[in-house]
Number of protein chains: 2
Amino acid sequence: MNNHTESEENYIKALYHLGGEGAVASGALANRVGAKGPSATQAVRRLASKGLVEVIPYKGVKLTLDGLTLAKHILRKHRLWETFLVEKLGFGWEEVHPIAEQLEHIQSRELVEKLADYLDSPVHDPHGDPIPQADGKIPPATGKPLQKFSQGSSLKVVRVEDAGTDFFTQLDLLEISLGKEYTLTSVSSFDSSIQLQAEDGESFWLSHSMSSNIYAISL
Amino acid sequence: MNNHTESEENYIKALYHLGGEGAVASGALANRVGAKGPSATQAVRRLASKGLVEVIPYKGVKLTLDGLTLAKHILRKHRLWETFLVEKLGFGWEEVHPIAEQLEHIQSRELVEKLADYLDSPVHDPHGDPIPQADGKIPPATGKPLQKFSQGSSLKVVRVEDAGTDFFTQLDLLEISLGKEYTLTSVSSFDSSIQLQAEDGESFWLSHSMSSNIYAISL
DNA sequence: AAATAAGTTTAGGCAAAGCTAAACCTTTCT
DNA sequence: AGAAAGGTTTAGCTTTGCCTAAACTTATTT
């Protein structure tokens, strides 16, 4: 009962991403894994026969406890590998997702734990997303989007949402990275763009679509 | 033409291992990949349609140039990952093969080269086997089996053949590892076992089945 | 309440990859 | 040379995983 195909794992992951512990429609699921409706229906049946999901026909699919555990383990692997790729191999944070998508399917409990040790048991991945721990616990997602901050507040960037390559390129251009601190100097009431001032005094504007994908904590 | 399944890659690898550039019988191939005859025949047909092998029915299968290149690339990945697992993650040399067998299928040119850099472009894996280089060149396999040495010679262990877990356990017990130096103090003409003396003066006997899997160069 | 739209599942196909049993080449032995 | 042996390929079946088209539910709209 411990041996799953890559396809199965991808459906489990998608289910977790879309619904967490709640129910998900088969169409949305199909969409997420890049398949068509009937493929998802079928896949879900296979998962149900392994006890990983519960299905109510025409209503939705939900992870069982086993399914949830598996989902979190896969996510753990994914984010550990992303951390490895960035911290050790020097990949840019925009490049690692597709590679981690492959690496997350490698099966070896020992490997996962040795990798975690090697990375000093990280709690967040290079995007600031929480890494599920070996016991299944998930550290809380930190930070709130930049627009939630009010003018004058000091903040530290702790997380970015994966909004595609261009988004990351723009971040790199502006030299925004996790851990950097800024003061929010201005908010446009016209287009909700905001102005940040870095510690070195330099300041710059961020569009709403940029800032809504950047999460920070106040200092 | 650059996208292969794991199964395909396993057949390619097996072909390379069994025959190098020469022809291999379908039975031997099936055997190596852990399948039955007909499965191999079929697999080989798929490979042929992709231009990776040439088949002469009832005679044998041979890698094409493309197939050979692919085989060496997979072997490169396998041995780089083994090196990573031992050097960086602290695995024992007997544990890494099955994990590397999974990792070798990860597709990302950039990953392979970054990994190689990270490991300082190694030329040999933890067993002393040569790692094919990015340009396809393969460093020569060094060393000869211990019995080929004559009494009194000084030698350095440079390679061991993968002869199963028990073999590695025995090596660890005797504290034999790559790079260690010994003097061959005695050869039994009865059972071809040999006696080695370590640099610290300790000496011990090695059975023929042990020594035939240990390779060394003379000093 | 009936009709239409939207989403889900069934039905039936296809390719990859494996299997067993049967047919078919090659080689080897008498 | 003819027959038996051994290895290889063909035939036909299974599962996974995906597809399209058709049937079926559910939800929405009139």
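To find a chain, count down the sequence lines: A is the first, B the second, and so on, and within it residues start at 1.
Rounding to whole angstrom units, CG of residue N31(A) and P of dG7(C) are separated by 11 Å. Rounded to whole Å, atom C1' of dG7(C) lies 14 Å from atom CG of L29(A).
Here Y11(B) contributes atom OH and T5(B) contributes atom OG1; the two are 10.0 Å apart, rounded to the nearest 0.5 Å. Once rounded to the nearest 0.5 Å, the distance linking CG of L63(A) with CG of L52(A) reads 8.0 Å.
Neither OP1 nor OP2 of dT9(C) sits under 4.0 Å from any side-chain N or O of R45(A).
Residue pairs meeting the side-chain hydrogen bond (donor to acceptor under 3.5 Å, both in side chains) criterion with at least one partner in residues 38-48 of chain B, sequence neighbours excluded, are absent. Listed by first and then second residue, the salt bridge (charged side-chain N to carboxylate O under 4.0 Å, His left out) pairs involving residues 59-78 of chain A are R76(A)-E113(A) (not counting sequence neighbours).
Taking a 4.0 Å limit (strictly below) on heavy-atom distances, residues 99-106 of chain B does not reach DNA chain C anywhere. Residues from residues 14-22 of chain B with heavy atoms under 4.0 angstrom of DNA chain C: there are none.
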Hey, can you pull the donor-acceptor pairs under 3.5 Å for the side chains in residues 122-138 of chain B, sequence neighbours left out?
unit_1	atom_1	unit_2	atom_2	d
H124(B)	ND1	G128(B)	O	3.3
D125(B)	OD1	H127(B)	N	2.8
D125(B)	OD1	G128(B)	N	3.1
D125(B)	OD1	D129(B)	N	3.0
H127(B)	ND1	E82(B)	OE1	3.2
H127(B)	NE2	W93(B)	O	3.0
Q133(B)	NE2	I131(B)	O	2.7
D135(B)	OD1	K137(B)	N	2.8

Identify all side-chain donor-acceptor contacts of residues 104-111 of chain A below 3.5 Å with residues at least two apart in sequence or on another chain.
unit_1	atom_1	unit_2	atom_2	d
E104(A)	OE1	H78(A)	ND1	2.8
E104(A)	OE2	K13(A)	NZ	2.7
H105(A)	ND1	E9(A)	OE1	2.7
H105(A)	NE2	N10(A)	OD1	3.2
H105(A)	NE2	E101(A)	O	3.3
S108(A)	OG	L111(A)	N	3.0
E110(A)	OE2	K114(A)	NZ	3.0

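Every side chain to side chain contact (heavy atoms under 4.5 Å, CB included) that Q147(B) has, sequence neighbours left out, goes to P145(B), H208(B), S211(B), S212(B). Partners of T165(B) according to the side chain to side chain contact (heavy atoms under 4.5 Å, CB included) rule, which considers only residues two or more places apart in sequence or in another chain, are E94(B), T169(B). Annotation: side chain to side chain contact (heavy atoms under 4.5 Å, CB included) contacts of A25(A) (sequence neighbours excluded): none. A search for side chain to side chain contact (heavy atoms under 4.5 Å, CB included) contacts involving A14(A) returns L29(A), R32(A), V33(A), not counting sequence neighbours.
No side-chain heavy atom of W81(B) sits less than 4.5 Å from a side-chain heavy atom of Q102(B). Between L146(A) and L184(A), the closest side-chain pair of non-hydrogen atoms is not below 4.5 Å.
A nucleotide of DNA chain D counts as in contact with chain A when one of its atoms lies under 4.0 Å from a heavy atom; the first and last such, 5' to 3', are dT16(D) to dA27(D).
Geometrically, K88(B) does not engage Y118(A) in a cation-pi contact, judged by NZ or CZ lying under 6.0 Å from the ring centre and within 45° of the ring axis.
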Please write out the pairs of protein N or O atoms and N or O atoms of nucleotides 17-24 of chain C separated by less than 3.5 Å, giving the distance to one decimal.
unit_1	atom_1	unit_2	atom_2	d
dA17(C)	OP1	T5(B)	OG1	2.4
dA17(C)	OP2	R46(B)	NE	2.9
dG18(C)	OP2	Y11(B)	OH	3.2
dG18(C)	N7	Q42(B)	NE2	3.2
dC19(C)	OP2	K36(B)	N	2.8
dC19(C)	OP2	S39(B)	OG	2.7
dT20(C)	OP2	K36(B)	NZ	3.3

